[in-house]
Undergrad: 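Input: one structure, supplied below.
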Amino acid sequence: MGLAKTEIFTDSQNEIALFAKAFGHPARVAILEHLFKTNTCVCGDLVNEIGLAQPTISQHLKELKLLGLIKGNVEGTSVCYCIHPENWTKMKAVMHTFLNQDLPKTDCC
């Protein structure tokens, strides 16, 4: 597979692509929806709620955490996750600006 060559794109373009990656898999969308629905830190019920294997859930949680949209706290032998409010607000602003662009008034195509 070829390199992404992210260095040839602007910081804004790379940021938008990273945020969009969070929504690139339905399991991550389901995890985010569950975290919003519970509105609290979630420790172990994601496997039962989402219906995927623990390693799969862990991989998606890791990806969401790397993207900064969730945060995790160690509680005993488990890690509890919740939405990272500041980063979620930032992501919404960045994506809103990008998605709220208007099409020019032309007869193209």
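As the structure is a prediction and not an experimental result, all values here were calculated from the model.
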Undergrad: Report whether V29 and I16 are members of the same hydrophobic cluster (ILVMFWY, side-chain heavy atoms less than 4.5 Å apart, transitive linking).
TA: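 In one cluster with V29: I16, yes.
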Undergrad: Would you name the heavy atoms of L64 and I31 that are closest together and state the gap between them?
TA: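 Nearest heavy atoms, L64 then I31: CD1-CG2, 3.8 Å.
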Undergrad: For L61 and I70, work out which heavy atoms get closest and say how close.
TA: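 L61 and I70 have their closest heavy atoms at O-CD1, 3.6 Å.
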Undergrad: Can you tell me how far CG of N48 sits from CD of Q54, rounded to the nearest 0.5 angstrom?
TA: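 CG of N48 is found 9.5 Å from CD of Q54.
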Undergrad: Give, for atom NE2 of H96 and atom CZ of F98, the distance between the pair rounded to the nearest 0.5 Å.
TA: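 If we round to the nearest 0.5 Å, H96:NE2 and F98:CZ are 13.0 Å apart.
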Undergrad: Do M91 and E15 pass the side chain to side chain contact (heavy atoms under 4.5 Å, CB included) test, and can you show the C-alpha distance, the side-chain angles, and the key distance before you say yes or no?
TA: CA-CA 9 Å; M91 183 273 306; E15 185 176 43; over 6 Å; no
Undergrad: To the nearest 0.5 Å, what is the distance between NE2 (H60) and CG (L46)?
TA: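 So the gap between those two atoms works out to 11.5 Å.
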Undergrad: What verdict does the side chain to side chain contact (heavy atoms under 4.5 Å, CB included) test give for L69 and H84, after you've listed the backbone C-alpha separation in whole Å, the side-chain angles of each residue and the deciding distance to 0.1 Å?
TA: CA-CA 5 Å; L69 297 180; H84 192 299; 5.9 Å; no
Undergrad: Would you say NZ of K71 has more than 12 non-hydrogen atoms from neighbouring residues, nucleotides or ligands within 6.0 angstrom?
TA: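 It does: K71 NZ has more than 12 such atoms within range.
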Undergrad: More than 12 heavy atoms of other residues, nucleotides or ligands under 6.0 Å from CZ of F23: yes or no?
TA: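 Atom CZ in F23 is packed in, count exceeds 12.
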Undergrad: How long is the gap from OH on Y81 to CD1 on I57, to the nearest 0.5 Å?
TA: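 Y81 atom OH to I57 atom CD1 measures 11.0 Å (nearest 0.5 Å).
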Undergrad: Is there a donor-acceptor contact under 3.5 Å from the side chain of N87 to the main chain of G68?
TA: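 Judged by distance alone, yes, a pair lies under 3.5 Å.
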Undergrad: Is there a path of hydrophobic side-chain contacts, each under 4.5 Å between heavy atoms of I, L, V, M, F, W or Y residues, that connects L18 with F9?
TA: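 Different hydrophobic clusters.
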Undergrad: K62: what forms a side-chain hydrogen bond (donor to acceptor under 3.5 Å, both in side chains) with it, not counting sequence neighbours?
TA: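 K62: no side-chain hydrogen bond (donor to acceptor under 3.5 Å, both in side chains) contacts found.
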Undergrad: Is Q59 reaching over with its side chain to a backbone N or O of T56, donor-acceptor style, under 3.5 angstrom?
TA: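 Judged by distance alone, no pair lies under 3.5 Å.
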Undergrad: Does the ring centre of F19 sit less than 6.0 Å away from the ring centre of W88?
TA: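 No, ring centres 6.0 Å or more apart.
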Undergrad: So does E33 pair up with R28, basic N to acidic O under 4.0 Å?
TA: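 Not counted as a salt bridge, because no side-chain N and carboxylate O are separated by less than 4.0 Å.
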Undergrad: Rounded to the nearest 0.5 Å, what separation is found between the CD atom of Q13 and the OG1 atom of T6?
TA: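 If we round to the nearest 0.5 Å, Q13:CD and T6:OG1 are 11.0 Å apart.
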Undergrad: Any sub-3.5 Å donor-acceptor pair from N39's side-chain atoms to L35's backbone N or O?
TA: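 Between the backbone of L35 and the side chain of N39 there is no qualifying donor-acceptor contact (under 3.5 Å).
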